[in-house]
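These notes are about the structure you will find just below.
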Amino acid sequence: MSTVQVSLTVNGERHELDVEPRLLLVHLLRDRLGLTGTHVGCDTSNCGACTVHVDGEAVKSCTVLAVQADGGEVKTIEGMASSDGTLHPLQEAFWNDHALQCGYCTPGMIMSAADLLARNPDPSEEEIRHGLEGNLCRCTGYHNIVRAVQDAAKMQSGEALETPAPPAGARENAEAVAEGMKP
Ligand code: FES
Ligand code: FES
């Protein structure tokens with residue numbers, strides 16, 4: 001099959017690639033660029049595990065052709081932490097609030113939540129639940145995910161958190177989970 005050249009910036013890095021016109025953005029990210037933090041949970045645009053930002057907006061990358069992102073700015077979960085390794089407030093809050101179990105949904109949840117907070121820095125619980133309704137989690141029951149988004153909103157506004165510090169060992173457990181969820 002013939003290919004076309006696409007040029008896009010991913011997490012601040014410019015890439016020029018020859019791709020088949022049918023290639024999905026999620027496969028370009030995972031298979032061509034090795035950014036496997038973006039997950040595929042369904043391939044039918046239901047689960048949101050593949051959510052990334054294109055030109056600042058959350059999109060399900062299994063529903064976007066790579067050629068549609070030509071010339072665009074893409075951000076994935078790998079681009080959320082600062083270059084010095086400081087976690088994004090959402091990553092920190094998901095960690096502190098135990099907002100993940102298997103972690104499969106987590107990158108997509110965080111990318112959707114970041115889009116939500118960019119548009120609404122102080123969302124209500126209802127607005128968070130509505131904003132994340134395109135992201136499915138089979139493990140957590142969503143309660144801690146909502147709490148993490150509330151806490152991230154507070155962190156971003158400089159407000160003190162009411163959430164108690166995580167118990168000893170929680171960070172190590174979360175690190176192990178994060179490692180384990182890498183495919
Ligand atoms: Fe894209 Fe499920 S893999 S929505
Ligand atoms: Fe397992 Fe959400 S933590 S799917």
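FYI, side chains are in, hydrogens and waters are out, and symmetry mates aren't considered; it's all heavy atoms of this structure. All ligand and atom numbering here is 1-based and tracks the order in the structure.
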Just by distance, do the side chain of [X] and the backbone of [Y] share a donor-acceptor pair under 3.5 Å?
| X | Y | result |
| --- | --- | --- |
| S112 | M109 | no |
| D151 | A93 | no |
| S61 | C50 | yes |
| D84 | T86 | yes |

| request: Answer yes or no for C137: is there an N/O/S atom below the 2.8 Å cut-off from atom 1 (Fe) of ligand 2? | output: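 C137 does not place any N, O or S atom closer than 2.8 Å to atom 1 (Fe) of ligand 2.
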
| query | Mind checking whether atom 1 (Fe) of ligand 2 has an N, O or S of C105 under 2.8 Å? | reply |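 Looking at C105, which is the residue asked about, there is no N, O or S atom under 2.8 Å from atom 1 (Fe) of ligand 2.
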
Would you mind listing which atoms of ligand 2 come within a distance below 4.0 Å of any non-hydrogen atom of [X]?
| X | result |
| --- | --- |
| R138 | 4 (S) |
| G103 | 1 (Fe), 3 (S) |
| C139 | 1 (Fe), 3 (S), 4 (S) |

| said: Would you say that more than 12 heavy atoms from the other residues, nucleotides or ligands in this model lie under 6.0 Å from the NE2 of H130, or not? | reply: no

| Between R129 and E125, does a salt bridge (Lys or Arg N to Asp or Glu O under 4.0 Å) hold up when you go through it step by step? | CA-CA 6 Å; R129 289 185 185 276; E125 177 178 343; 2.9 Å; yes

| message | Within the structure provided, determine whether H39 and R30 are in side-chain contact (heavy-atom separation under 4.5 Å). | response |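 A side-chain contact exists here, since the closest heavy-atom pair is under 4.5 Å.
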
| Test salt bridge (Lys or Arg N to Asp or Glu O under 4.0 Å) applied to R32 - qualifying residues, sequence neighbours left out |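 For R32 there are no salt bridge (Lys or Arg N to Asp or Glu O under 4.0 Å) partners, ignoring immediate neighbours.
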
| Under 2.8 Å from atom 2 (Fe) of ligand 1, the protein N, O or S atoms, given as residue and atom |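 Listed by chain and number: C42 SG, C47 SG.
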
| field | Closest contact, heavy atoms only, L65 versus P21 | value | CD2-O, 3.7 Å

| query | How far is atom 3 (S) of ligand 2 from its nearest protein heavy atom, and which residue and atom name does that atom have? | reply |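 Protein heavy atom at minimum distance: Q101 N, 3.2 Å.
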
